[in-house]
Amino acid sequence: MGPPQHPLVASMLLLCSQKKEAIPGEPNVYVKKPPNAFMIFLKEQRRLVAPELKASGSKATTAYLGTMWKSLPSSEKEKYYKESEKQRLLHKEQNPDWSPKDNYGKKIRRTRKRKRGES
DNA sequence: TAGCCTTTGAAGTCT
DNA sequence: AGACTTCAAAGGCTA
């Protein structure tokens, strides 16, 4: 749909990736993971949902949009998959040496999520 | 005030 | 190889 590789998009993506604070003891620029299809859908739709839904908070909005996502026809989902793929490729072009493992385990959490029943 | 919580998906680590 | 974990977004809530 939109212009595939607009220079402004590239600048914005780079700028956004630099907004996140640097990790202490790490190089100054924190390069974020590129968003997946649902994350793009989530960001686009969050501002479009009704204000009364926004008033419910991000958690409720996210859960609601998760339901919306599952209801989306694959023809509509496809554009988000294409967009995420595009952004992944652009991200790789702009950060050739970056890998998702650069960020892996960097967040300090109080409790780690466990999908299988925690012992 | 940093992290949780909520969602899907990509990609990492572990068994 | 398959199971499990982390992080992308956002913002009210929590410790």
Side-chain angles (χ1 to χ4, degrees):
Chain A
M1 39 173 284
Q5 296 180 356
H6 198 286
L8 184 56
V9 174
S11 302
M12 286 176 65
L13 288 174
L14 184 58
L15 183 63
C16 287
S17 70
Q18 290 174 338
K19 277 186 177 177
K20 181 159 186 175
E21 62 179 328
I23 299 169
E26 292 289 315
N28 203 18
V29 175
Y30 183 99
V31 179
K32 289 190 260 185
K33 273 189 176 183
N36 63 38
F38 176 69
M39 284 298 146
I40 294 170
F41 170 79
L42 195 58
K43 185 167 186 171
E44 293 286 314
Q45 294 297 314
R46 208 189 295 274
R47 68 181 182 87
L48 299 179
V49 299
E52 57 267 25
L53 180 55
K54 288 181 185 173
S56 304
S58 278
K59 279 188 289 190
T61 308
T62 303
Y64 170 74
L65 289 174
T67 307
M68 291 264 305
W69 176 255
K70 289 174 181 169
S71 304
L72 263 193
S74 32
S75 59
E76 296 228 8
K77 279 196 209 172
E78 194 174 342
K79 79 172 187 181
Y80 291 99
Y81 284 107
K82 297 275 187 188
E83 179 63 24
S84 69
E85 184 182 1
K86 195 192 308 177
Q87 291 198 20
R88 271 197 303 279
L89 292 173
L90 181 59
H91 186 274
K92 188 166 182 61
E93 287 177 22
Q94 294 180 339
N95 309 278
D97 298 328
W98 183 88
S99 160
K101 75 179 181 60
D102 294 349
N103 300 355
Y104 199 96
K106 292 295 195 299
K107 285 190 173 179
I108 301 164
R109 299 186 173 188
R110 280 178 277 183
T111 59
R112 300 213 168 181
K113 287 189 175 184
R114 298 199 179 251
K115 275 184 180 172
R116 209 170 14 175
E118 61 277 350
S119 57

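Proteins get letters first, then strands, A, B, ... in listed order; numbering begins at 1 in each.
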*Asks:* Would you tell me if any nitrogen or oxygen in the side chain of A/Tyr81 comes within less than 4.0 Å of OP1 or OP2 on B/dG9?
*Replies:* yes
*Asks:* May I ask you to verify if any side-chain N or O of A/Lys106 is less than 4.0 angstrom from the OP1 or OP2 atom of C/dC7?
*Replies:* no
*Asks:* Taking only the side-chain heavy atoms of A/Lys59 (C-beta and beyond), determine which of B/dT8, C/dG11, C/dA10 contains the nearest atom.
*Replies:* C/dG11
*Asks:* So what does A/Ser99 touch, heavy atoms closer than 4.0 Å: a base, only the sugar-phosphate, or nothing?
*Replies:*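 Answer is sugar-phosphate: A/Ser99 comes under 4.0 Å of backbone atoms only.
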*Asks:* Please determine if a side-chain N or O atom of A/Lys33 lies less than 4.0 Å away from the OP1 or OP2 oxygen of B/dA11.
*Replies:* no
*Asks:* At less than 3.5 Å, do the side-chain atoms of A/Tyr104 and the base atoms of C/dT5 form a donor-acceptor pair?
*Replies:* yes
*Asks:* Name the closest nucleotide to the A/Pro100 side chain, picking from C/dG11, B/dG12, C/dA8.
*Replies:*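 Between C/dG11, B/dG12, C/dA8, the one nearest the side chain of A/Pro100 would be B/dG12.
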*Asks:* Indicate, with a heavy-atom threshold strictly under 4.0 Å, whether A/Lys70 touches base, sugar-phosphate, or nothing.
*Replies:*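 Counting heavy atoms under 4.0 Å across all strands, the contact made by A/Lys70 is with sugar-phosphate only.
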*Asks:* Scan A/Leu42 against the nucleic acid and name what it touches under 4.0 Å (heavy atoms): base, sugar-phosphate only, or nothing.
*Replies:* base
*Asks:* Under 4.0 Å between a side-chain nitrogen and a carboxylate oxygen: does that hold for A/Glu85 and A/Arg88?
*Replies:* no
*Asks:* Would A/Trp69 and A/Gln45 count as a side chain to side chain contact (heavy atoms under 4.5 Å, CB included) here? Give the steps.
*Replies:* CA-CA 10 Å; A/Trp69 176 255; A/Gln45 294 297 314; over 6 Å; no
*Asks:* What nucleotide among B/dG12, C/dA9, B/dA10 has an atom nearest to a side-chain atom of A/Lys32?
*Replies:* C/dA9
*Asks:* Under 4.0 Å between a side-chain N or O of A/Tyr30 and OP1 or OP2 of C/dC7?
*Replies:*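 Answer no for this pair, as no side-chain N or O of A/Tyr30 is under 4.0 Å from OP1 or OP2.
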